[in-house]
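Letters A, B, ... mirror the listed sequences (proteins, then strands); counts begin at 1. If you're wondering where the values come from, they're calculated on a predicted model, not measured in any experiment.
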There are 2 protein chains.
Amino acid sequence: MADQHSTLRARRRAQTQQLIQGHAVRLFAERGYDATTVNDVAEAAGVSPMTVYRHFPTKEDLVLADQHGRLVAERVVAAPAADLPLVHRIGGALIGSAAALTGDDRGREFLLTRLRLMISTPALRAKHLDNQYALQQAIIDALGEEAADPETAFHARAAASACLAALHTALVRWAEDDGRSDLPGLIAKALAAVFGESPLSPGDVAGR
Amino acid sequence: MADQHSTLRARRRAQTQQLIQGHAVRLFAERGYDATTVNDVAEAAGVSPMTVYRHFPTKEDLVLADQHGRLVAERVVAAPAADLPLVHRIGGALIGSAAALTGDDRGREFLLTRLRLMISTPALRAKHLDNQYALQQAIIDALGEEAADPETAFHARAAASACLAALHTALVRWAEDDGRSDLPGLIAKALAAVFGESPLSPGDVAGR
DNA sequence: TACCTAAGTGGTAGTGACTATCACTGCGGT
DNA sequence: ACCGCAGTGATAGTCACTACCACTTAGGTA
């Protein structure tokens, strides 16, 4: 929705963001997150500190910013099998998104570096978990009209939070394996560990 | 382990901590977390800003500091029914801790105020979720010797994370109800929503 | 009882994340 | 050709947090 214009300005904006984030993640991985100042990042990217803050509201966002959350939420809503249990819809969306995300090697390596930072740096880990929580609420809101009464809503929130907890467990394990294992498979295994050993049917995986 | 002496010094220390935290939570609730500086808290408590930082490493800890996590971990380990499924052991410990925690009215009201701050303030919410994650790892470590091989450990981590996700869902709901509903009951319901409709047997609730 | 170590407290001067406000430049639409 | 605004930069601030300093006093010891 942002590139409806695809104007030159928007392209340059996206380009600068990518430039800044690239240098930021590289420096954080090299020197450590706390040991690297925003000024260092700005200097490395060849921009002013002000510009960094314009594109990334906080230092943490330099690592955490992505649109994966939005994609997942869209996937849940666009799930073809709306009659399936909620857990399967969310789980399928998570697995499908993970498959799309780990597709190309370049993106996977970058994601892995960011993930390692998120796990090892307390400030990043905390905000990342909060982002997961925001994603949970986005999912609930996305299919909110289906659960009007409080009991159903509570049930849905519990289920969604458990799904994302399983996702997080899988992500940590994937990072520990240095991305060598199959992420969608890990997520499926984590979900199965939580909700019981019912393997997801192929139709459950939304979008792929 | 700190009050092995129960000396005068230790008592005064605990007293000062309680004094500072009391004023902090009150001010945060009245004026808002971001609008209140650590200096304001120090002034209200009648101590120097230095002293605040000595007792609470970060501003967030003024709201988040408690020993509930330690109690929960101990409860899981001390569970009488070590042969029960992991989920039941953790769930039982959570429910039991919640029951003990919401016992007296004075403590419950304070807990409720802190919880409201944790939910509404992004910085507090993030760090609180990270604390929950630390608790998860503490639980896993506490019964770590039982799960040596990676597969079992992965399963245990997924289960523990889902339990804590259910706990969080229940806590949010409890805060929305202004603490009027039964917290242990909410936790049990959230756990049931995640893991299936098997109600916990009385024996599962560790410690009470 | 006199003494001594260390814990608890306070002051000062920092660093670094983040904000408010100003001015400047160049793309994009009229 | 021309205006408007998005993008960028510099300056000066606020505030969380951290050494590093000195002072007081509790708690054990000679």
Exercise. Verify the contact: side-chain N or O of B:H55 to OP1 or OP2 of C:dG8, cut-off strictly under 4.0 Å; return yes or no.
Key: no
Quiz prompt | Separation of C:dA7 P from B:Y53 OH (nearest whole Å) | solution = 23 Å
Quiz item: Below 4.5 Å, heavy atoms only, C-beta onward: do B:R31 and B:D40 meet side chain to side chain?
Solution: yes
Quiz item: Are the side chains of A:L86 and A:H155 in touch, meaning some heavy atoms are under 4.5 Å apart?
Solution: no
Exercise. Figure out the CZ/C1' separation between B:F56 and D:dT18, and round it to whole Å.
Key: 18 Å
Quiz item: Starting at the 5' end of DNA chain D and moving along, which residue's nearest nucleotide shows up first, B:E60 or A:V47?
Solution: A:V47
N/O-N/O pairs, protein side and nucleotides 13-16 of chain C side, under 3.5 Å:
none

Exercise. Rounded off to whole Å, could you give me the CE-to-C1' distance for the B:M50 and D:dA22 pair?
Key: 12 Å
Check nucleotides 24-27 of chain C for protein N or O atoms closer than 3.5 Å to its own N or O atoms and list the pairs.
{"from": "C:dG26", "atom 1": "N2", "to": "A:R9", "atom 2": "NH2", "distance (Å)": "3.2"}
{"from": "C:dC27", "atom 1": "O2", "to": "A:R9", "atom 2": "NH2", "distance (Å)": "2.3"}

Practice problem: Could you tell me the separation between the OH atom of B:Y33 and the P atom of D:dA16, rounded to a whole number of Å? | Solution: 8 Å
Quiz item: What are the two closest heavy atoms between B:G179 and B:R108, and how far apart are they?
Solution: O-NE, 4.3 Å
Practice problem: May I have the distance from B:R54 (atom CZ) to C:dA7 (atom C1'), rounded to whole angstrom? | Solution: 10 Å
Quiz item: Taking the inter-plane angle between the rings of A:Y133 and B:H168 on a 0 to 90° scale, is it parallel (under 30°), tilted (30 to 60°) or perpendicular (over 60°)?
Solution: perpendicular
Self-check item: Presence of salt bridge, A:E151 and B:R173, under 4.0 angstrom
Solution: yes
Practice problem: Would you mind telling me which of C:dT12, D:dC17, D:dA10 lies closest to the side-chain atoms of A:S48? | Solution: D:dA10
